[in-house]
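What follows is a short report on a single structure.
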Amino acid sequence: MKLKNALGYLPLFPAKGGEGARGEEENQRAPSRLIQQQRRLFLTLIFGLLAEAASFAHSSSAAVPDFAAARDETVRILSDFIKVDTSNPPGNETKGAQYLQTILAREGIASEILELEPGRGNLVTRFKGNGKKKPLLLMGHLDVVGVERSQWTVDPFGGIIQDGYVYGRGASDDKGMTSVCLEIFLLLHRLKVPLERDVIFLAEAGEEGTTHVGIDFMVARHWNKIECEFALNEGGRIFAREGQVQYVGVATTEKVPRPILLSAKGTSGHGSRPRPDNAIVHLAAAVAKVGTWQPPMRLNDTTREFFSRLAKISPPEEAFLYRHLEDPALGAMVQEKIRRTNLGYNSMLRTSISPTIIRGGFRNNVIPGDALATLDVRALPDEDIDRFASTLRELINDPAVEVVPSEGRRRPATPPSKIDTEMFRALERAQQRLFPNAATLPMMLVGATDSAQLRAKGVQAYGLGSVSSDDDSSRVHGNDERISIAGLGKFLEYVWWAVVEVAGVKDN
């Protein structure tokens, strides 16, 4: 009998010695040093395999859910959840919280809704563990962005199920994630999974631009209800290309929204007499300069690891780009190629600028005295925004245009969550279980989430997302937003295995 491992074939039994009595003596002797070494290697291999298998061990009394039934229930929850219009503004998140609370109540699970302002509720509940470890927070937000109804081919608040997808505003951002977290919570309760950690479920208000009623309120006023070691939130993705999962992206950090205003001043006058100091002309020129400028690439620990791992699983022509980002000779060409072919990856490489709003003028025949543009700046976590504004002033080089960093409430810039934690390793093992041909990539989210406020409190927060293609992702905050039903089922399984490994009582 032989066992093959990375070292070759190791004999399970020593070979016989020489012929006759001498051979018999050798056969009765202790195995040679070589055989002993081979046996030690064999035992090391066996124990390694056992340890790997043990990494998937969960609570001895935790039953495995019927994942098909759980997926179907999640789809029903999500479809009806979409029908509750929680567009922000105005939000009306309490209506969404009450819908989820009704589901919990049917299971005999107590929960509470906390409001800073009327109608802007946050739902929180907890499944108690034995207290051996600090809690795990499962979270998603209740509010969604508004819609341009005329641009949708289905009712954006109809929760339509067709062609293997759930359609509607919030299907991906973020009622899908919230529904999965709720289903995980229900399964833990129904299966009576013994826990070493409390598992907290939070559905919060105001993520889409009014965080003072949501995560800011919960952190400032009700931290004792959500305090945790780890948090699983929106922000990642299970990226599928041509129907195959290529990687599982887990967001460990994110860019920081830092809006900047461009304000142009001129002289008002009659539209029939063009002026060289027309504020709109100066503003338009400034916006054009900013909109075509690429801030310099600056990788951080997260993005460097992301592109390093991505190169290992990408087709050769793409891998070449990721491996030569910092090449002195090829870097500029590589970056330009990525800029033209992958908007998301390009934004990961640098602080980004998108002109989004222009205001100027009030009558067709009046030259306005001023004009204003808003730049959606998504800064790298360590970006010095005042210095960045100075760079824009030099770029624009027009005394008629003022560059003004926007004031007001800001998400904090924080260090990234670590990738050597129990939670991240559990996410990697869940990926290996469900998507063995893929890889787990730590990533920097180019958008923003409420994980920022949690990381500021020392929580190791990780952004997750369901299975999606580039087409699916492009619909987020856009028209005909949708989420794959099959992908949602796989995402539910993925979260389940990671949660039970981290929070469940381990076998002795």
Side-chain angles (χ1 to χ4, degrees), residues 237 239 249 251 253-264 282-311 314 317-358 372-398 401-406 410-411 413 416 441-448 470 473-474 476-478:
R237 69 184 304 201
F239 174 59
T253 188
E254 56 194 50
K255 298 175 81 172
V256 188
R258 294 287 185 260
I260 288 180
L261 304 178
L262 302 183
S263 176
H282 283 265
L283 181 66
V287 169
K289 286 182 179 179
V290 170
T292 55
W293 176 62
Q294 278 260 88
M297 182 188 78
R298 197 168 77 251
L299 296 177
N300 54 38
D301 290 344
T302 298
T303 52
R304 186 170 282 108
E305 184 69 15
F306 174 85
F307 286 106
S308 174
R309 294 191 186 191
L310 183 61
S314 297
E317 63 275 12
E318 293 180 21
F320 176 87
L321 299 177
Y322 309 142
R323 290 192 176 107
H324 290 83
L325 284 167
E326 297 179 285
D327 187 297
L330 301 175
M333 179 272 292
V334 164
Q335 291 176 47
E336 181 59 26
K337 175 73 171 180
I338 292 175
R339 181 187 193 183
R340 289 185 279 107
T341 59
N342 197 308
L343 300 179
Y345 291 170
N346 183 60
S347 186
M348 282 189 196
L349 296 175
R350 54 183 46 84
T351 293
S352 61
I353 308 172
S354 292
T356 52
I357 302 173
I358 293 181
L372 187 70
T374 300
L375 307 179
D376 184 359
V377 176
R378 301 298 174 117
L380 294 174
D382 62 347
E383 188 73 73
D384 183 330
I385 204 65
D386 290 330
R387 182 177 299 175
F388 188 77
S390 296
T391 300
L392 290 183
R393 293 185 187 100
E394 294 175 7
L395 174 71
I396 294 169
N397 192 29
D398 185 347
V401 178
E402 187 177 1
V403 178
V404 185
S406 180
R410 294 179 174 182
R411 293 183 190 270
L441 277 57
M443 60 185 290
M444 180 176 70
L445 181 66
V446 298
D470 281 332
S473 297
S474 69
V476 177
H477 282 211

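Side-chain N or O atoms of R350 include one that pairs as donor or acceptor with a backbone N or O of P295 at under 3.5 Å. Here the side chain of S263 pairs no donor or acceptor atom with the backbone of L372 at under 3.5 angstrom.
In R340, the CZ atom is crowded: over 12 heavy atoms of neighbouring residues, nucleotides or ligands sit closer than 6.0 Å. In this structure, D382 places its CG atom where more than 12 heavy-atom neighbours from other residues, nucleotides or ligands lie under 6.0 Å away.
Under the 30°/60° scheme for interplanar angles, the aromatic rings of Y345 and F306 are found to stand perpendicular.
In plain terms, the two heavy atoms of A319 and A311 that are nearest each other are CB-O, 3.3 Å. The two residues P381 and A413 come nearest to each other via the heavy atoms O-CB, 3.3 Å. Here the shortest heavy-atom pairing between A379 and E383 reads CB-CB, 3.7 Å. Residues H282 and V401 approach most closely at O-CG2, 3.8 Å, considering heavy atoms. Contact detail for V290 and L395: the closest heavy-atom pair is CA-CD2, 4.1 Å. The minimum heavy-atom distance between V256 and R411, with the atom names listed, is CG1-O, 3.5 Å.
No side-chain heavy atom of L310 sits less than 4.5 Å from a side-chain heavy atom of E318. In this structure the side chain of R309 reaches within 4.5 angstrom of the side chain of P442, judged on heavy atoms. The side-chain heavy atoms of D327 and M333, taken from C-beta on, include no pair separated by under 4.5 Å. Two residues are said to be in side-chain contact when any heavy atoms from C-beta on lie closer than 4.5 Å; L441 and F239 fail this criterion.
The pair R237-D470 meets the salt-bridge criterion, since a charged nitrogen lies less than 4.0 angstrom from a carboxylate oxygen.
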Handout entry: Verdict with reasoning, N346 to Q294, per side-chain contact (heavy atoms from CB on, under 4.5 Å)
Key = CA-CA 10 Å; N346 183 60; Q294 278 260 88; 3.3 Å; yes
Practice task
Show your working on side-chain contact (heavy atoms from CB on, under 4.5 Å) between L321 and N342 and close with a plain yes or no.
Solution key: CA-CA 12 Å; L321 299 177; N342 197 308; over 6 Å; no
Practice task
Output, in order, the C-alpha distance, side-chain angles, deciding distance and verdict of side-chain contact (heavy atoms from CB on, under 4.5 Å) for L349 and L299.
Solution key: CA-CA 6 Å; L349 296 175; L299 296 177; 3.6 Å; yes
Exercise for the section: Apply side-chain contact (heavy atoms from CB on, under 4.5 Å) to the pair I385 and R410, showing each step before the final yes or no. Expected result: CA-CA 12 Å; I385 204 65; R410 294 179 174 182; 4.2 Å; yes
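Residue V403 is tested with D398, L375, I260 for a side-chain contact (heavy atoms from CB on, under 4.5 Å); the sole match is I260. Under the side-chain contact (heavy atoms from CB on, under 4.5 Å) test applied with R339, the options E336, Q335, K337 reduce to a single match, E336.
For the atom pair K255 NZ and L380 CG, the distance stands at 5.5 Å (nearest 0.5 Å). The distance from the CD atom of E402 to the CZ atom of R393 is 7.5 Å, given to the nearest 0.5 Å. To the nearest 0.5 Å, atom CD1 of residue I396 and atom OG1 of residue T391 are 11.0 Å apart. Atoms CG and CZ, on D384 and R258 in that order, are 11.0 Å from each other to the nearest 0.5 Å. Taking CD1 from I353 and OG1 from T292, the interatomic distance works out to 10.0 Å, rounded to the nearest 0.5 Å. For the atom pair OG of S474 and CG of L343, the computed distance is 10.5 Å after rounding to the nearest 0.5 Å.
In this structure, a donor-acceptor pair under 3.5 Å is absent between the side chains of S347 and R378. Defined by atom type and a distance below 3.5 Å, a donor-acceptor pair is present between the side-chain atoms of N300 and T303.
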